[in-house]
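Remarks on the structure that follows.
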Amino acid sequence: MGFQFVHIETFSRKADKQGRSVAFILQEARREPTACQHVPHPLPPTVIHGISPVDVEALHDRLVADAATVDKSGKTRRLRVDQHTLCTVVSSHPATMDMVRADGATAAAVADWERRTLAWLVGQYGDRLVSVVRHEDESHPHVHAYVLPRDDPTLRAKALHPGWAAKDAAIRDARVVGTDAKTANARGDTAYKKAMRQWQESYWQSVGLPCGLARLGPGRRRLTRAAWQAEQSVARTTGMAIRAAEQAKHEARQTNAEARERVVVADVREAEARAAADHAHAAIADAKRRLGDAKRVEAEANQARRRVEGDARQKARAVLAQAKTEGARILAEAEARAAPLRRVGGWLGTIWTGFRGVEARLTAAADARVAKARTAAASEVSRAKVALRQEAETAVGAELASLRRSAEAAQRSRAAAEKRAEKAEAEARRLLEVAQSWADAERKARGDLHHEQQERKRFQAMWAEADNRLLDLDQRNFRPR
């Protein structure tokens with residue numbers, strides 16, 4: 001594995017000394033023949049973010065047409081053609097396109113590098129990053145990013161360049177305190193180098209290091225082959241450790257998310273079980289209430305039965321008393337009629353005997369009426385008893401059967417809910433154990449990463465000296481890909 005390459009430049013509508021303008025750069029991006037003569041077999045670019053180069057140019061021209069500046073006299077003027085209005089970033093991978101096409105592992109590494117590069121660009125420029133394209137028709141895979149300062153009414157693209165922005169700020173600060181132009185410019189150059197070093201370091205921390213790329217190449221630092229190979233080995237090992245740590249973090253987060261989700265499911269199921277248990281308790285309470293109602297109905301039925309029996313006995317007694325009273329009246333009348341005739345002789349004995357027969361017949365008739373009344377009252381009481389008893393037994397039996405069914409259903413629901421709760425709790429415990437194992441793996445990966453970072457610090461001194469040499473040549477050095 002080699003070292004990283006990332007470069008940033010700004011352009012205006014007016015061509016520079018190399019003939020490069022905004023229009024030319026975007027023509028080269030979309031592979032127009034007049035602008036890409038360095039490419040033997042041009043291929044259309046692949047847009048991996050935002051809009052196409054054609055749309056970038058149209059958007060740029062609209063922004064320029066709407067933009068304006070205010071001069072020293074306070075007049076509003078249109079933008080100068082030599083003002084830089086487009087910022088571009090190019091990043092290249094050290095693997096060749098032949099290696100990418102022939103080796104799946106290399107292709108996967110390049111895809112990871114491209115994903116990290118795009119994420120870094122989005123983090124650096126946000127909505128101002130309008131397009132990123134991939135070119136696959138040169139020796140090395142590389143991407144071009146196009147940034148427009150569309151949140152700036154004056155479209156100052158150099159404000160997006162970390163080096164130029166730092167230099168302008170340093171010169172302004174120096175001139176404010178009365179520093180001469182030469183010293184102010186020197187301070188600006190120092191600020192430029194520092195800002196570019198930080199920019200390159202940011203890209204390396206986010207992209208180069210996780211991809212196993214060295215910060216700088218061996219040539220400019222005059223490294224021996226053994227030192228360069230050792231540095232590459234450290235970079236590869238560190239990149240592998242970072243990727244392993246990221247994978248462990250991702251899997252741990254995913255496992256924790258699944259565990260949390262399952263815990264939530266377990267809580268829901270536990271709540272359902274509790275609700276089912278509450279429902280069962282409510283059903284049991286309702287069953288007890290219904291049983292109480294049934295007992296109360298039975299008591300009322302027994303009370304009604306006793307009241308009917310009492311009424312029947314009272315009616316029977318009244319009929320009997322009436323029969324006795326009627327018999328006594330008839331006998332009294334007979335006695336009264338027979339008394340004057342008793343003084344007559346024995347010839348009236350036969351008549352008296354007849355009266356005695358009449359008395360007997362009347363008494364027998366009264367007794368028959370009383371017996372009949374008693375029989376009717378007893379039959380009515382018996383029928384009332386049977387009807388009331390059957391009605392009470394039917395109502396109580398139905399109510400008891402319904403209560404038994406409700407209680408059995410509530411018991412089944414409660415048992416099922418308890419089983420679901422036990423299963424959910426066991427699953428939650430298992431997931432927590434898995435999450436703990438992933439956390440242990442993440443801690444181990446962090447330890448390995450810390451060890452690799454300690455190894456990397458051994459090379460910081462060599463990189464710092466080489467940084468200064470590289471950044472002195474940064475504005476005019478461009479390694480084509």
Starting at OG of Ser12, measure out to CG of Leu155 and round the result to the nearest 0.5 Å.
12.5 Å
Is any side-chain heavy atom of Leu59 less than 4.5 Å from a side-chain heavy atom of Leu148?
yes
Taking 4.0 angstrom as the limit, do Asp112 and Arg116 come out as a salt bridge?
yes
Side-chain H-bond candidate by donor/acceptor type, His142 with Ser91, under 3.5 Å:
no
Approximate separation, where rounding is to 0.5 Å, of Asp82 CG and Ser21 OG
12.5 Å
Are Thr69 and Leu79 side-chain neighbours, meaning at least one heavy-atom pair lies under 4.5 Å?
yes
Closer than 4.0 angstrom, basic N to acidic O: yes or no for Arg31 and Asp137?
yes
Please answer whether the main-chain N or O of Gln198 pairs with a side-chain N or O of Ser202 as donor and acceptor at a distance below 3.5 Å.
no
Does Arg115 reach the side chain of Trp113, with side-chain heavy atoms less than 4.5 Å apart?
no
As a quick check of understanding, evaluate side chain to side chain contact (heavy atoms under 4.5 Å, CB included) for Val143 and Ile48, giving each step before the final call.
CA-CA 9 Å; Val143 295; Ile48 61 174; 4.1 Å; yes
Do any N or O atoms from the side chain of Arg150 and from the backbone of Val130 form a donor-acceptor pair under 3.5 angstrom?
no
Chi angles and distances behind the side chain to side chain contact (heavy atoms under 4.5 Å, CB included) call for Thr117, Tyr203
CA-CA 8 Å; Thr117 297; Tyr203 181 79; 3.1 Å; yes
Exercise: identify the closest heavy-atom pair between Ala174 and Val177:
O-CG2, 3.1 Å
Residues Thr154 and Asp152: side-chain donor-acceptor under 3.5 angstrom:
yes
Please report the closest heavy-atom contact between Ala157 and Cys87, naming both atoms and the distance.
CB-N, 4.2 Å
Does a sphere of radius 6.0 Å around CG in Asp180 hold more than 12 heavy atoms from other residues, nucleotides or ligands, not counting ones at 6.0 Å or beyond?
yes
Is there a donor-acceptor pair under 3.5 Å between the side chain of Ser131 and the backbone N or O of Tyr146?
no
Does His140 reach the side chain of Ser92, with side-chain heavy atoms less than 4.5 Å apart?
yes
I need the minimum non-hydrogen distance between Val100 and Pro141, along with the two atoms involved.
CG2-CG, 4.2 Å
Apply side chain to side chain contact (heavy atoms under 4.5 Å, CB included) to Leu63 and His60, showing your working.
CA-CA 5 Å; Leu63 293 174; His60 169 271; 5.8 Å; no
Going by heavy atoms in the side chains, are Gln205 and Trp120 under 4.5 Å from each other?
no
Report yes if some heavy atom in the side chain of Ile25 is under 4.5 Å from a heavy atom in the side chain of His144; otherwise report no.
no
At what distance, to the nearest 0.5 angstrom, does CG of Asn185 lie from CD1 of Ile171?
5.0 Å
Looking only at non-hydrogen atoms, find the nearest pair between Val47 and Gly50 and report the distance.
CG1-O, 3.6 Å
Nearest-0.5 Å distance, OG of residue Ser52 to CD of residue Glu57
10.0 Å
Taking the six-membered ring for Trp, are the ring centroids of Trp164 and Trp199 within less than 6.0 Å of each other?
no
To the nearest 0.5 Å, what is the distance between NE2 (His84) and CD (Glu9)?
9.5 Å
pair Thr179-Arg187: side-chain heavy atoms closer than 4.5 Å:
yes
Kindly determine whether Lys167 and Asp189 satisfy salt bridge (Lys or Arg N to Asp or Glu O under 4.0 Å), including the steps that lead there.
CA-CA 6 Å; Lys167 181 174 182 177; Asp189 290 339; 2.9 Å; yes
With distance as the sole criterion, is a donor-acceptor pair present between the side chains of Gln200 and Gln4 under 3.5 Å?
yes
Given Met97 and Arg101, is the side chain to side chain contact (heavy atoms under 4.5 Å, CB included) satisfied, shown in steps?
CA-CA 6 Å; Met97 287 303 303; Arg101 297 186 183 99; 3.4 Å; yes
Counting only N and O atoms by type, is there a donor-acceptor contact under 3.5 Å from the side chain of Thr190 to the main-chain atoms of Ala186?
yes
Closest approach of Arg128 to Gln124 (non-hydrogen atoms, all atoms of both residues):
NH2-O, 4.1 Å
CZ/Arg78 to CG/Asp66 distance, rounded to the nearest 0.5 angstrom?
8.5 Å
If I compare all heavy atoms of Ala29 with all of His135, which pair ends up nearest, and what's the gap?
O-NE2, 2.9 Å
Is there a side-chain contact between Leu121 and His49, using heavy atoms and a 4.5 Å cut-off?
no
